[in-house]
Amino acid sequence: MRPMKSCISTSISGEIRVPGDKSISHRALLIGALAVGETVIEGLLEGEDVLCTAAALRALGADVERDAEGVWRVQGVGLGGLREPAGILDMGNSGTAARLLMGVLASHPLTAFLTGDASLCRRPMARVQVPLEQFGARIVAREGGRMPLAITGAGDPMPTTYRLPVASAQVKSAVLLAGLNTSGKTTAIETLPTRDHTERMLRFFGAEVETTEEADGALAVTVTGQPELTGRQIQVPADISSAAFPLVAALIVPGSDLTLTAVGMNPRRTGLVDTLIEMGAGIEIRNEREIAGEPVADLHVRAGGLKGVDVPASRAPSMIDEYPILAVAAAVAEGTTVMHGLAELRVKESDRLAAMARGLAACGVRVEEGKDSLTVHGGGGPVRGGGAIETDLDHRIAMAFLVLGMAADQPISIDDAEPIETSFPGFVELMNGLGAAIGPAEAAA
Ligand code: S3P
């Protein structure tokens, strides 16, 4: 446990590049391991979540090496070439690592045992178990489809069409990845568009992936099985879900002026930027470009002027990881913000809906927690603060409240900053370098 305290900050300014995108990093390693030849990845996120994927792939027979900071080399084993791991695969805190890997394993005829930390072992895996069993995989999990679990991949997998009951890029990706080593066409149908990094990266490696619209407006994503995947050079953009924290800090600390460079701007990920602009944020999108099949831009942010808004449920998939930090922005904004369609927040690294409602209330913010909605009444300036936040192994809850502490009259403390290492190594140092005052809880009284 690493308790930390965040105190009110004077303006922050500078130009920074946050670590690489977590979703893209996992996929680059996974698909690189299934390709023929060498994949070189630059800007890989070296957070614990992604390191779990790297370690699991090594245990499955791929050669995954770190060359230099953020530069990784993967010698792919080729589709179908994974070997049975001798030990248990520990996926740590990462739902993405666990669910995407289960997808890959579902069509490889070997048995693997997967576990994770206390948070991951609470999270639902039935959402991937159900479609993966349609391919012929056998999965034995704990009650309620929880980890630890055992998976035996199908020797002769059957191509599947699966309509997602929840908007989840992890479930969609698990289905598509299972479809890779399956002859014929595999289709995942989603009613709300979720992040499409798997589709983009599969195409980038040479697979055929088609997206078509169904009569009811749903999107059907089809992968043709057993493609020739060829090793590639990949540059990973900065993670918009990590950029969100300094970005909101710059908006809520008066006088701030910050530039975030090379941020991934995949349109299925930019819901937070759209919402903050609607709230009146001064965000300029500059130097738009594309790297390795993904759109990227620099974001220039100036403090001030946030007003409450209504955030529709349809926007949830494009900002699903950003609600904790949006709730922080809403607490400092003038007026009420209502966020709808948040049921999925209850099954993230923690129940984020409850955690935000509880934490904000402890900091003197008026909030209402609905079944799948959150209402935050902003005071148009610094919050009272003073709360002691339980982070419950959730990196984004930890970072959100450290940012709120920067615009709070009394310091805000969190019980544990360690989970931040899963997605944003160096977060505290980076924020302090910009002008934040975050330190050990004992020392910062
Ligand atoms: C992710 C998808 C999202 C997101 C997670 C990363 C991915 O999860 O919350 O942090 O990389 O596919 P769901 O698919 O469960 O919504």
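Just the heavy atoms: all of them, side chains too, but no hydrogens, waters or symmetry mates, feed the values below. Whatever order the structure lists them in is the order used to number ligands and atoms, beginning at 1.
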*asked:* Salt bridge check, R352 against D394: does any charged N sit closer than 4.0 Å to a carboxylate O?
replied: yes
*asked:* Assess whether a salt bridge exists between R289 and D298, defined as any Lys/Arg side-chain N lying under 4.0 Å from an Asp/Glu carboxylate O.
replied: yes
Have a look at [options] and point out the one with the heavy atom closest to [atom].
atom: atom 14 (O) of ligand 1; options: A167, S173, S168; value: S168
atom: atom 1 (C) of ligand 1; options: K172, R27, Q170; value: Q170
atom: atom 13 (P) of ligand 1; options: R396, H26, K348; value: K348

*For ligand 1, the portion of H197 having any non-hydrogen atom under 4.0 Å away*: neither
_From M339, E278, H340, residue fulfilling side chain to side chain contact (heavy atoms under 4.5 Å, CB included) relative to D310_ = H340
*Have a look at L101 and tell me which of L60, L177, T53 forms a side chain to side chain contact (heavy atoms under 4.5 Å, CB included) with it.*
L60
*Within 45° of the six-membered ring axis of F204 and under 6.0 Å from that ring's centre, is NZ or CZ of R232 located there?*
yes
_Testing the 3.5 Å rule here: is there a donor-acceptor pair between the side chains of H377 and T336?_
yes
*Report yes or no: does E288 contribute a side-chain atom to a donor-acceptor pair with the main-chain N or O of A297 at less than 3.5 Å?*
no
*Going by the atom numbers of ligand 1, which of them fall below 4.0 Å from some non-hydrogen atom of T96?*
1 (C), 5 (C), 6 (C), 7 (C), 11 (O)
*Find all atoms of ligand 1 within a distance of less than 4.0 Å from any non-hydrogen atom belonging to D321, and give their numbers and elements.*
4 (C), 5 (C), 9 (O), 10 (O)
*Please indicate whether any nitrogen or oxygen in E344 is less than 3.5 Å from any nitrogen or oxygen in ligand 1.*
no
*Taking distance alone, with no angle check, do A169 and ligand 1 share an N/O pair under 3.5 Å?*
yes
*So which heavy atom in the protein is nearest atom 11 (O) of ligand 1, and how far is it from that ligand atom?*
S23 OG, 2.7 Å
